[in-house]
Amino acid sequence: MSATLSTAKAKVDHYAVIGNPIAHSKSPDIHARFAAQTQQDLQYDRLLAPLDGFLASVQSFIRNGGKGLNVTVPFKLEAYALATTLTERARAAGAVNTLKFDGTEMLGDNTDGIGLVTDIVRNAGIAVANKSVLLLGAGGAARGVILPLLSEQPARLVLANRTHAKALDLAHRFSNQPRLKVCEFAEVEDTFDIVINATAASLASEVPPISPRVFGAHTLAYDMMYGKEPTAFMRFAKQHGAIVRDGLGMLVEQAAESFYLWRGVRPETSDVFAELRERL
Ligand code: ATR
């Protein structure tokens, strides 16, 4: 009986989220819910890789039959370098958050940007098409969402960062995109339809030093961070009349997109989102 069980277990497709640290990750919980809902037989674990041991950890995971990985801090750039094939959005992001293993092929994708766009367009019900969008930040988080945002055809996407030179460098990578503009923090004065905070300021309970005039009564102020309480950016935006939303929906939607890449089945996300929100 136990032999039958272990044979059956060995056949279950194995996935994991790899990072350092990893104990806090909500991905196993999200993917277990997706699997139950779509009746997909799979196992999804947390994988703590040593800071200098990403490659060895991935190789050992593959040797043991692993089919795919979500990749989180600090390994997204190493995963990008490791992938044998990259999706267009991963190439634009310069980082990989999803790996899919098939024989010797390692497909690298980045589902963060599509996760953000889906959360804004479908879950919040706010179109990006023809809107003016302000993106704050010029690190990996900002870079990951630029192409998916531009794919929605906004009227313009303005990039602003505390260190202006970094925003210029980042925009340079998308120099074939006429809708993408760069602006200094101090010079952003217009009211935008959508303002996205992709800076790490919320981690320090800080607000990027932008004019409150960027927020109007119909502005969606979106923080890619999330937590039990609204972030400092969300409180600031709300004070100045904006509609606010945190990044929990982006987390669930990027996971759904990874699940779809691996399994070819699209999970329903609203119940999973509601359950996660309740347990924050
Ligand atoms: P990530 O990969 O999460 O984007 P990162 O590459 O370290 O992390 O980038 C952090 C981003 O948050 C940068 O755009 C940073 O601005 P600088 O380029 O000027 O450093 C931004 N950031 C961090 N703290 C901030 C703060 N208190 N106010 C405004 N921007 C901040």
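The chain is numbered in sequence order, starting from 1. Start at 1 and go down the list; that is how both ligands and their atoms are numbered.
- Of the polar atoms of Ala200, at least one N or O is found under 3.5 Å from an N or O of ligand 1, judged by distance alone.
- Sorted by first then second residue, the ring-ring contact (aromatic ring centres under 6.0 Å, His included) pairs that include residues 49-107, not counting sequence neighbours, are His14-Phe61, Phe54-Phe75.
- When the heavy atoms of Glu206, Arg162, Lys76 are ranked by distance to atom 31 (C) of ligand 1, first place goes to Arg162.
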Distance-only criterion, 3.5 Å: show the donor-acceptor pairs between side-chain atoms of residues 164-175 and protein atoms not counting sequence neighbours.
unit_1, atom_1, unit_2, atom_2, d
Ser175, OG, His172, O, 3.3

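- In this structure, atom 2 (O) of ligand 1 lies nearest to the protein heavy atom Gly140 N, 3.2 Å.
- With hydrogens left out, the protein atom closest to atom 19 (O) of ligand 1 is Thr163 OG1, 2.5 Å, a heavy atom.
- Proximity to Gly137 (heavy-atom distance under 4.0 Å) selects the following atoms of ligand 1: 14 (O).
- Nearest protein neighbour of atom 3 (O) of ligand 1, counting heavy atoms only, is Ala141 CB, 4.0 Å.
- Ionic pairing of Asp246 and Arg277 is present here: one or more N-O contacts between side-chain nitrogen and carboxylate oxygen are shorter than 4.0 angstrom.
- Electrostatic pairing of Glu257 and Arg89 counts as a salt bridge here, judged by a charged N lying under 4.0 Å from a carboxylate O.
- Ligand 1 lies within reach of Ala138, whose nearest heavy atom is under 4.0 Å from it.
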- prompt: How far apart are the C-alpha atoms of Phe259 and Phe34, what are their side-chain angles, what is the distance that settles it, and do they pass the ring-ring contact (aromatic ring centres under 6.0 Å, His included) test?
  reply: CA-CA 8 Å; Phe259 191 91; Phe34 287 166; 5.6 Å; yes
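- Regarding atom 6 (O) of ligand 1, its nearest protein heavy-atom neighbour is Gly139 CA, 3.3 Å.
- Here the side chain of Arg245 pairs no donor or acceptor atom with the backbone of Tyr222 at under 3.5 angstrom.
- A salt bridge is absent between Arg91 and Asp109; no separation between the charged side-chain nitrogens and carboxylate oxygens falls under 4.0 Å.
- When the heavy atoms of Asn161, Thr199, Leu77 are ranked by distance to atom 13 (C) of ligand 1, first place goes to Asn161.
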